Amino acid sequence: NPCLVLGVDPFTNNYIVPNQIDGVNKFKTLRSGYERNGTFRERGKGAYDSLGLNLNLDDPIAQKNDASKFGDIVYSRTLLESTSDSEDVWSKWSEKSRIIEQIFPLETSCEDLQDQKGEIKLKQRTKTCKWLSKRRYGKTRKWCKESDVREKCSKTCEVDCYPKGRKSPHNFPRDDYNSIVDGMKRLADDYPNFVTLTTSQGRYGLPKAGSTSNHILIIEDKNRHSSAIGKKLSKSLPEVFFSGALHGDERNGPTVTYETARLLVLSAACNSGGDEISIKTACRELSRHKSTPWAVPWLARLVSTRRIVIVPMANALGFKRKTRAENGIDPNRDFAFDQSPSKCMKTIAGRTINEIFRESLFQISITFHSGIELIGFCVRYLSCQGGEWGNVGRMNAKKNGFSPDDEGQRQLSEEISSYCGSFGQTRKYITGSINNGLIYAVEGGMEDWAYGGSWDSKFMTTCNPSTYGGYSKSKTQYEDSTLRSFNLLVETSNDKDPFESSLGSDEDLFNPRGVGNGHISRNIRLTLMVADVVEPYSSIVSINKQDAPLDIVPGIPVEARSCISRKFVNIDLLASSDASSVTLDWVVGGSFTVDETKLMYSKWEDVPEKFNCVQQPTEQEYIEYESSSFTSSTSIQNGHTRWTDAETFSGKDDPNPHFSETIDLSSFSSGDSIAVFAVCVVDKMWAKQPTKVQPNVPPQSHVVNSRTNSDWNHIISNGKTVQGRIHWISVPVTINLQ
């Protein structure tokens, strides 16, 4: 075999040695070597012993001689000589001592292929020819131009070609601190209308832990909200929060959050139109998603209708050093919930997140971890089936009761798991009560703090730490509205630092069963789904089976009733006998169950001023308009959104189930302009509770009450609000009769 390799088994993540090297029959795993008890030196030496290498850890010449037997292999002598036996030893070993990733020279035809088309990657540092052609998903497809490329290489590594005009997949890399920071800076420089990049040092005056800054990436459509009415709308934007690497040795979160941010920003930029180089670059980058043309407009809509706050490396110092803690302190024991006053807010990681939450009204938040594979809402309290509590004080759900928001928490976690999917031998995420066996309970965890900190006073703490010059007690005294977020703990992978071969690519990114699925791919989908379901919406997508104009074009300042001149159709009453009716299709998003949906319409001159194409009316305003004599409605339908069957992938077609209705125009006259709204009521079950909850209170989260409780109204000192409602209306379509 001309492609002999020292590589990584993609199924077990074990290092392997192929059968034929120097005539010696070897096929041994190394994992047993470094799982031995004892010091790191013993583990490292054991790993080499299992290869039959007589490695003298103190003799570089011996290392060189051993390397010559196996090709150009690189040993990390410094790490092998380490005597530390701390928790992050294995992550250091696996990252810096990947000796076993060098392939022997390929035969000439493969080398010619590389010379001819430099973009072609044969994965020479990680895969055997067998893996290249058969991998776990079948044939590995590579990007190539010439029709005869496959023939040249087929004897060694069978390679399929992508059609011309489509960009090759982006394989997700293993990012480090500097690459994440550089990537965020590029996004902020290239797309300032959609990205704000700051640090907790610059924004809040926090000190640094070591020499590292804690970066904060805020994604929102600044131009859209630059008008007077846009500024008012900005205060009511639903907010979501994504955190990576609260534990610095858990390496997936920063890549997931950065790649998600990049995808969202590029989509918004591309959909905004224009001739700028940065916009053309964004569209070119997104051309790899041509097989799912609905995806980019959907992602652009998320940017324009939400505020997404991302801290890719919450524990920046730990992530840079590849250690779990920040200067010896665990940031996920550092929050003001069920913790001693002197033991919370000791880290800059914890204070960074605390400051962000103090100026926000997050409805859903995610903190990414690794070391096991699950999605949990019950990290410390744990009183739920799939609900929030995860602390010691709320143990034993069946006996003491579930979380007040259990219904929504359970459905959200289960459907997210479905959309993540599985790959290879990696199963779907398990969900449910963390304290009931999924994972251990902790004190001072972020999950319960973010959910219950504003209303469950029994466990709240006013922190008084001494680290970094102290931290004001007032910083952990919260408004009634601040801490009411669904907070998901996502344990992304069993390995804290999994091999790059398991991270996936953006090929078939939106397909839970796609060939590019991996640890990063599926968590990008998870993050996007969360950004979508934070707030319900409906949208009219076609008129007489022709695509309707988009509700929202990113980057354009909003003005009251601007939709009248942008989202419309002209109907000639004399054109045909069918002109007295029109058929409209619409979709419902941002939710799971569609309890009620219909079309509601009247002449524009009869539409109240508060129905301005931009803001949702209050529940009372809606009722008054809906019940007026000049308003007509179609029959009520029900159903579900794409998220109740999240594993279904429709490819080119819009994955959202469509509702359809024909409305009669015979009562209107030539010259009339008719406003047609799609209305929906969603997720009513979220307001229901199990027989026993703890504490015994109604649902307390913003995300449940904002869609089930019209009396819910919360506002914080900077003017940000969450207003509950039952009915959600779309941007209307205007029908002009001629």
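The first residue of the sequence shown is numbered 1, and numbering continues consecutively from there. All values derive from a computational prediction rather than experimental measurement.
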Can a side-chain donor-acceptor contact be found between Asn487 and Ser365 if the only test is distance below 3.5 angstrom?
yes
Under 3.5 Å, is there a donor on one side chain and an acceptor on the other for Asp456 and Tyr451?
no
Starting at OG of Ser502, measure out to CG of Asn494 and round the result to the nearest 0.5 Å.
10.5 Å
Is it true that the side chains of Arg174 and Asn252 contain a donor and an acceptor less than 3.5 Å apart?
yes
First locate atom CD1 of Ile372, then atom OG1 of Thr492, and finally report the distance between them rounded to the nearest 0.5 Å.
11.5 Å
So, Glu359 and Lys720, do they make that salt bridge, N to O below 4.0 Å?
no
May I ask you to check whether His702 and Phe486 place their ring centres under 6.0 Å from each other?
no
I'd like to know if the side chain of Asp338 and the backbone of Gly444 have a donor-acceptor N/O pair within less than 3.5 Å.
no
For the residue pair Ala314 and Ser243, what are the closest heavy atoms and their distance?
CB-OG, 3.7 Å
Whether Arg410 side chain and Asp405 backbone form a donor-acceptor pair below 3.5 Å:
no
Salt bridge check: are Asp249 and Lys496 linked by an N-O gap of less than 4.0 Å?
yes
Pair Thr199-Asn214, side-chain donor/acceptor within less than 3.5 Å
no
Hey, are the side chains of Pro554 and Phe194 touching, using non-hydrogen atoms and a 4.5 Å cut-off?
yes
Leu374 and Tyr429 have their tightest heavy-atom pair at N-CD2, 3.5 Å
In terms of relative ring orientation, are Trp712 and His714 parallel, tilted or perpendicular, with 30° and 60° separating the classes?
tilted
Can Arg522 be said to sit on top of Phe423's aromatic six-ring, NZ or CZ under 6.0 Å from centre and within 45° of the ring axis?
no
Nearest heavy-atom contact between Gln411 and Thr593 is NE2-OG1, 4.0 Å
Counting distance only, does the side-chain N/O of Asn354 pair as donor-acceptor with the main-chain N or O of Gly350 below 3.5 Å?
no
Above 12 or not: heavy atoms from other molecules or residues under 6.0 Å from CZ of Arg427?
no
Heavy-atom distance under 4.5 Å between the side chains of Asn523 and Val490, does that happen here?
yes
Specify the closest pair of heavy atoms between Pro312 and His215, including all atoms of both residues, with the distance to one decimal.
CD-O, 4.0 Å
Under a 3.5 Å distance rule, please check whether Asn638 uses its side chain to pair with a backbone N or O of Val594 as donor and acceptor.
no
Under 3.5 Å, side chain of Asp221 to main-chain N/O of Gly555, donor-acceptor pair present?
yes
Using a strict threshold of under 4.0 Å (side-chain N to carboxylate O), is an ion pair present between Arg351 and Glu355?
no
Is Arg333 salt-bridged to Asp330, going by a charged N under 4.0 Å from an acidic O?
yes
With rounding to the nearest 0.5 angstrom, report the NZ to CD1 distance, Lys320 to Ile180.
13.5 Å
Sort and list the pairs that fulfil salt bridge (Lys or Arg N to Asp or Glu O under 4.0 Å) and have at least one residue in residues 297-312, not counting sequence neighbours.
Glu220-Arg307, Glu239-Arg307, Arg301-Asp551
Can you check whether Leu483's main-chain N or O pairs, donor with acceptor, with Ser454's side chain at less than 3.5 Å?
yes
Does Phe241 form a ring pair (Phe, Tyr, Trp, His ring centres under 6.0 Å) with Phe357? I'd like the steps, not just the answer.
CA-CA 9 Å; Phe241 176 75; Phe357 268 74; 5.3 Å; yes
Please walk me through it: do Ser179 and Asp182 pass side chain to side chain donor-acceptor pair (under 3.5 Å)?
CA-CA 5 Å; Ser179 64; Asp182 290 345; over 6 Å; no
Looking at Arg707 and Asp683, is any side-chain nitrogen of the basic one under 4.0 Å from a carboxylate oxygen of the acidic one?
yes
For the student: nearest non-hydrogen atoms of Cys270 and Leu286, plus distance
CB-CD1, 3.8 Å
Intermediate values then yes/no, side-chain contact (heavy atoms from CB on, under 4.5 Å), Leu187 and Leu197
CA-CA 9 Å; Leu187 279 181; Leu197 179 62; over 6 Å; no
Is it the case that the side chains of Arg642 and Tyr419 hold a donor-acceptor pair, with the cut-off being a distance below 3.5 Å and no angle test?
yes
The single option from Phe335, Phe362, Trp455 that satisfies ring-ring contact (aromatic ring centres under 6.0 Å, His included) with Trp449 is Phe335
Any chance you could lay out the ring pair (Phe, Tyr, Trp, His ring centres under 6.0 Å) test for His247 and Phe319, step after step, and finish with the verdict?
CA-CA 7 Å; His247 291 147; Phe319 186 71; over 10 Å; no
For Asp654 and Trp298, what are the C-alpha separation, side-chain angles and deciding distance, and is it a side chain to side chain donor-acceptor pair (under 3.5 Å)?
CA-CA 10 Å; Asp654 183 353; Trp298 167 56; over 6 Å; no
Are Thr260 and Leu528 close enough, and set up right, to give a side-chain contact (heavy atoms from CB on, under 4.5 Å), and what steps lead you there?
CA-CA 7 Å; Thr260 301; Leu528 295 174; 3.8 Å; yes
Point-to-point distance, once rounded to the nearest 0.5 Å, from CZ of Arg288 to OG of Ser505
9.0 Å
Please assess His170 against Glu259 for the test side chain to side chain donor-acceptor pair (under 3.5 Å), listing each intermediate value before the final yes or no.
CA-CA 11 Å; His170 167 53; Glu259 292 288 351; 3.2 Å; yes
Pairing donors with acceptors under 3.5 angstrom, does anything connect the side chains of Glu447 and Thr367?
no
Please round to the nearest 0.5 Å and tell me the distance separating atom CG of Leu266 and atom CG of Leu264.
9.0 Å
Worked check of side chain to side chain donor-acceptor pair (under 3.5 Å) between Ser403 and Gln409
CA-CA 9 Å; Ser403 122; Gln409 292 162 336; 2.7 Å; yes
Test your reading of the model: is there a side-chain donor-acceptor pair from Ser521 to the backbone of Leu509, 3.5 Å cut-off?
no
Does Trp643 offer a backbone N or O that forms a donor-acceptor pair with the side chain of Thr641 under 3.5 Å?
yes
All heavy atoms of Ile364 vs all of Val533, minimum pair found to be CD1-CG2, 4.1 Å
Are Cys680 and Val588 packed together at the side-chain level, in the sense that at least one heavy-atom pair is separated by less than 4.5 angstrom?
yes
Rounding to 0.5 Å, atoms CD (Glu250) and CG (Asn332) come to a distance of 9.0 Å
Do Thr352 side-chain atoms and Ile348 backbone N/O form a donor-acceptor pair below 3.5 Å?
yes
Check the pair Phe659 / Val587 against side-chain contact (heavy atoms from CB on, under 4.5 Å), numbers first and verdict last.
CA-CA 6 Å; Phe659 299 91; Val587 299; 5.9 Å; no
Within the distance-only criterion (no hydrogens, no angle test), does the side chain of Gln700 pair as donor or acceptor with the backbone N or O of Arg484 below 3.5 angstrom?
no
Decide yes or no on side-chain contact (heavy atoms from CB on, under 4.5 Å) for Ile216 and Val309, but give the supporting numbers first.
CA-CA 7 Å; Ile216 304 165; Val309 182; 4.0 Å; yes
Do Arg262 and Glu285 sit within salt-bridge range, that is, some charged N less than 4.0 Å from a carboxylate O?
yes
